[in-house]
Asker: 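Got a structure for you, written out below as structure tokens; questions coming shortly.
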Amino acid sequence: MSKRLSVPKTYKLFIGGKFPRTESGRTYEVLSAKGDFLANAALASRKDARDAVTAARGAVKGWAGATAYNRGQVLYRVAEILEGRRAQFVDEIVQQTGVSASVAGAEVDEAIDRWVWYAGWCDKFGQVAGNGNPVAGPYFNISVPEPTGVVGVIAPQDTALVGLVSAIAPALVTGNAVVVVASERFPLSAISLAEVLATSDVPGGVVNVLTGSPAELAPWIASHPDVHALDLVGAGELDWIDLQIAAAETLTRVLLPEEGTDAAAPSLARIAAFTETKTIWHTKSLV
């Protein structure tokens with residue numbers, strides 16, 4: 001019996017629900033913890049970042065317009081598929097980072113649990129963050145959280161999966177769309193996560209994944225007029241003050257880098273960071 005040829009995986013970008021090659025044609029080598037070649041990853045360009053923002057902007061209306069219950073069901077479906085592909089993610093993390101299979105398994109399990117945690121908040125956050133306001137007069141006055149729009153994210157650079165999930169999931173809860181720059185050192189799990197998203201019910205363009213250099217891509221995302229919020233959780237080693245200044249030019253809100261071993265730990269504050277508060281007045285019936 002002849003020996004069959006292996007089919008090595010091609011790691012592309014994830015933009016608008018599709019997997020295009022970078023328009024620049026550039027790639028970079030992803031190495032194992034021992035320095036061995038693992039794969040070529042796409043080195044995203046400025047145009048790729050612009051295309052991702054365009055895709056996200058086009059997807060916001062539909063995703064934000066879905067019911068909170070529906071968004072929760074969609075996000076839970078992502079966790080189900082992640083669970084089904086657990087072994088693949090464990091293997092990729094072991095290859096990229098050099099940790100043991102048990103440590104990699106714990107990271108994957110934590111990523112799945114966090115995704116479920118955020119999925120559960122989709123139809124509950126509005127009750128926690130919104131409220132009825134007391135007013136003098138025959139009116140109802142109600143404040144409700146609404147999505148900001150397109151959120152640019154620089155993912156944590158020191159983890160392969162859990163940091164990425166922790167940065168993406170909270171922005172999706174209330175109906176935002178995301179353009180995320182994955183870990184430059186550990187990009188393979190990011191594209192595998194994109195495959196999970198593509199085979200779930202997440203609409204195309206709601207999540208867009210770029211691989212490559214955060215230092216190259218972050219300034220273009222920060223200054224883009226159609227990016228409405230910027231999460232710099234993984235930008236601690238970049239000149240994030242310049243990114244903050246660039247974002248200010250278009251009145252983009254910024255979530256600054258956080259210190260600690262788990263800067264993107266699950267919290268309602270991370271959901272609230274990407275919402276606007278809408279206040280509604282309505283007259284009371286006097287009949």
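What you see below is based on every heavy atom in this structure, not just the backbone, and it leaves out hydrogens, waters and symmetry mates. No experiment lies behind these values; they were computed from the predicted model shown.
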Asker: Give every donor-acceptor pair under 3.5 Å between a side-chain atom in residues 167-178 and any protein atom, sequence neighbours left out.
Answerer:
| residue | atom | partner | partner atom | Å |
| --- | --- | --- | --- | --- |
| Thr174 | OG1 | Asn176 | ND2 | 3.3 |
| Asn176 | OD1 | Thr148 | N | 2.8 |
| Asn176 | OD1 | Gly149 | N | 2.8 |
| Asn176 | ND2 | Ala171 | O | 2.9 |
| Asn176 | ND2 | Phe274 | O | 2.9 |

Asker: Any salt bridge between Asp109 and Arg86, counting N to O under 4.0 Å?
Answerer: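 Here Asp109 pairs with Arg86 in a salt bridge, since their nearest N and O are under 4.0 Å apart.
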
Asker: Who passes side-chain contact (heavy atoms from CB on, under 4.5 Å) against Ala155, sequence neighbours left out?
Answerer: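 Listed in chain order: Leu164, Val180.
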
Asker: Please list all pairs passing the ring pair (Phe, Tyr, Trp, His ring centres under 6.0 Å) test where one or both residues lie in residues 190-222, with sequence neighbours left out.
Answerer: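 Sorted result for residues 190-222: empty, none.
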
Asker: Are side-chain N/O atoms of Asp48 and Ser45 paired as donor and acceptor at under 3.5 Å?
Answerer: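 Per modelled atom types, Asp48 and Ser45 side chains form a pair under 3.5 Å.
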
Asker: Establish whether Tyr76 and Trp121 are linked, either directly or via other cluster members, by ILVMFWY side-chain heavy-atom contacts under 4.5 Å.
Answerer: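 In one cluster with Tyr76: Trp121, no.
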
Asker: Under a 3.5 Å distance rule, please check whether Thr211 uses its side chain to pair with a backbone N or O of Ala42 as donor and acceptor.
Answerer: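 Indeed, once roles are kept as given, a pair shorter than 3.5 Å links the two residues.
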
Asker: What donor-acceptor contacts under 3.5 angstrom involve side-chain atoms of residues 5-16, with partners at least two apart or in another chain?
Answerer:
| residue | atom | partner | partner atom | Å |
| --- | --- | --- | --- | --- |
| Lys9 | NZ | Ser192 | OG | 2.9 |
| Lys9 | NZ | Glu195 | OE1 | 3.2 |
| Lys9 | NZ | Glu195 | OE2 | 3.2 |
| Tyr11 | OH | Glu92 | OE2 | 3.1 |

Asker: Looking at Glu80 and Arg85, is there a salt bridge between them, counting it only when a charged N and a carboxylate O are closer than 4.0 Å?
Answerer: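 Salt bridge: no.
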
Asker: What pairs with Glu146 under salt bridge (charged side-chain N to carboxylate O under 4.0 Å, His left out), at least two apart in sequence or on another chain?
Answerer: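 Only Lys278 meet the salt bridge (charged side-chain N to carboxylate O under 4.0 Å, His left out) criterion with Glu146.
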
Asker: Would you check if there is a donor-acceptor pair between the side chains of Ser166 and Arg114 at a distance under 3.5 Å?
Answerer: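 A donor-acceptor contact under 3.5 Å links the two side chains.
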
Asker: Would you tabulate the side-chain donor-acceptor contacts of residues 224-237 under 3.5 Å, counting partners in other chains and residues two or more places apart, or write 'none'?
Answerer:
| residue | atom | partner | partner atom | Å |
| --- | --- | --- | --- | --- |
| His224 | ND1 | Asp226 | N | 3.0 |
| Asp226 | OD1 | Arg57 | NH1 | 2.7 |
| His228 | ND1 | Val150 | N | 2.9 |
| Asp231 | OD1 | Val233 | N | 3.1 |
| Asp231 | OD2 | Arg270 | NH2 | 2.3 |

Asker: Does one side chain, of Thr279 or Ser143, offer a donor that lies under 3.5 Å from an acceptor on the other?
Answerer: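 The answer is yes; a qualifying pair exists.
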
Asker: Nearest 0.5 angstrom please: Phe186 CZ to Thr159 OG1, how far?
Answerer: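 These two atoms lie 8.0 Å from each other.
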
Asker: For Leu243 and Leu238, run side-chain contact (heavy atoms from CB on, under 4.5 Å): C-alpha distance rounded to whole Å, both residues' side-chain angles, the deciding distance at 0.1 Å, then the answer.
Answerer: CA-CA 9 Å; Leu243 297 177; Leu238 304 181; 4.3 Å; yes

Asker: How close do Leu43 and Ser213 get, heavy atom to heavy atom, and via which atoms?
Answerer: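 Taking Leu43 first and Ser213 second, the nearest heavy atoms are CD1-N, 3.9 Å.
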
Asker: I'd like to know if Glu216 pairs up with Arg26 as an ion pair, taking the criterion as any Lys NZ or Arg NE/NH1/NH2 lying under 4.0 Å from an Asp or Glu carboxylate oxygen.
Answerer: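 Salt bridge between Glu216 and Arg26, a charged N being under 4.0 Å from a carboxylate O: yes.
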
